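Before any comments, here is the structure.
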Amino acid sequence: MGTILLLLLVFLLVLAMGLARDLLKAAIALALASVFLATILFLHGAWVAAVFELSVCSGLITVLFVSTISLTKDSDQKEEAKLTGYLLPAFLLFFIGVDCLALRWLGPFFLDAKAMVPADTLTGGFSKVFWGDRTTDVLGQAALILSGVFAILSLFKRKAQHHSLEGGKHE
Amino acid sequence: MSSEVYGLFFFGLLTVMVGVYLLLGYRNLIRIMLGVEVISKGTTMILLGAGLYQGRPDFIQVLIVTFIIVEAILAAVMLGIVIISHKIHVTLDIRRQSKLKG
């Protein structure tokens, strides 16, 4: 029952994020949703994932969002399409209907999926699965982090070059 | 299926749908990025539900950690692009950013 309440809270915060006019409030609502999602992960024994969710999603990503909002604060943030916010409750009813139908339709497939995977595979602790069974994932993560760093470096390096070229023209 | 797993699938799918709605409905690039984050929250819920249903919390934990890392890198790169785009176009409205038009 506690999980359902926490899930409802996460969903309400996501809705508040969608309806918020101010981008800063929206980013904070998303961070709070991440905190409650981390609590759900923790309650179900996924401690490492909960720590990652709490530190990365509600910490790092929120800082990135807040920095971006403050760097672009003079733009037309409040002139966002109001119709989208007003129509969200109406679409929500439609989404709930589609969700119920999808889960009812997918129910038999869930039972089949449970029978397909043998119970003794991919267990034995987080570190064994992470470093032993999913080594390719670790390599992929390292490659992704490196590519992300190079992407950011190249983005802001180009900007610096652009500015230096413009300065030369003015001189 | 227990009520908790059902709830995780239900709210996860609902959150993904709301995220897609935000992606399609809004024009501000930062709001679009927030929509992507909402979709990732829903996906995390669905992953956790799948892990609980299968009875493999360790395995699904690894997948969730991988997913969170991918999400963080995506957010960092996309927000960098948003800042650069704002410097060039002076707006965050995607309909006014027409320099990529062919």
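Since the model is a prediction, treat every value here as computed from it, not as a measurement. In what follows, every chain begins at residue 1, and chains take the letters A, B, ... in the order their sequences are listed.
- Between B:Y21 and A:F91, the two ring planes are tilted [angle within 30° to 60°].
- For A:L37, the part lying under 4.5 angstrom from a heavy atom of chain B is the side chain only.
- Looking only at distances, no side-chain donor or acceptor of B:H86 sits under 3.5 Å from a matching main-chain atom of B:V82.
- In this structure, the portions of A:F95 lying under 4.5 Å from any heavy atom of chain B include both its backbone and its side chain.
- Of the atoms belonging to A:V48, heavy atoms from both backbone and side chain fall under 4.5 Å from chain B.
- Contact annotation for A:A102: only side-chain heavy atoms (C-beta onward) come within less than 4.5 Å of a heavy atom of chain B.
- We find the CD1-CG distance between A:I28 and A:L23 to be 11.0 Å, quoted to the nearest 0.5 Å.
- For A:A29, no part lies under 4.5 angstrom from a heavy atom of chain B.
- Contact annotation for B:I69: only side-chain heavy atoms (C-beta onward) come within less than 4.5 Å of a heavy atom of chain A.
- Your options are B:L13, B:I64, B:L79, and the one with the most heavy-atom pairs under 4.5 Å with chain A is B:L79.
- When side chains are defined from C-beta on, B:L48 does not count as touching B:T44, because their heavy atoms never get closer than 4.5 Å.
- Considering CD of A:E53 and OG1 of A:T39, their distance stands at 9.5 Å, rounded to 0.5 Å.
- Within the 4.5 Å cutoff, the side chain of A:T62 has no heavy atoms near those of the A:L30 side chain.
- Only the side chain of B:I73 comes within less than 4.5 Å of a heavy atom in chain A; its backbone stays farther off.
- Using a 4.5 Å cut-off between heavy atoms, A:S67 does not touch chain B at all.
- Distance check: B:F67 CZ to B:L63 CG gives 10.5 Å after rounding to the nearest 0.5 Å.
- Proximity to chain A involves both the backbone and the side chain of B:L8, based on heavy atoms less than 4.5 angstrom apart.
- Neither the backbone nor the side chain of A:V138 comes within less than 4.5 Å of any heavy atom of chain B.
- Your options are B:V38, B:L34, B:T66, B:L22, and the one with the most heavy-atom pairs under 4.5 Å with chain A is B:L34.
- Here the side chain of B:Y26 pairs a donor or acceptor atom with the backbone of A:G18 at under 3.5 angstrom.
- Among the candidates A:L92, A:I152, A:D137, A:L7, the residue making the largest number of heavy-atom pairs closer than 4.5 Å to chain B is A:L7.
- Contacts between A:L64 and chain B at a heavy-atom distance below 4.5 Å involve backbone atoms as well as side-chain atoms.
- The pair B:R31-B:E37 does not meet the salt-bridge criterion, since no charged nitrogen lies less than 4.0 angstrom from a carboxylate oxygen.
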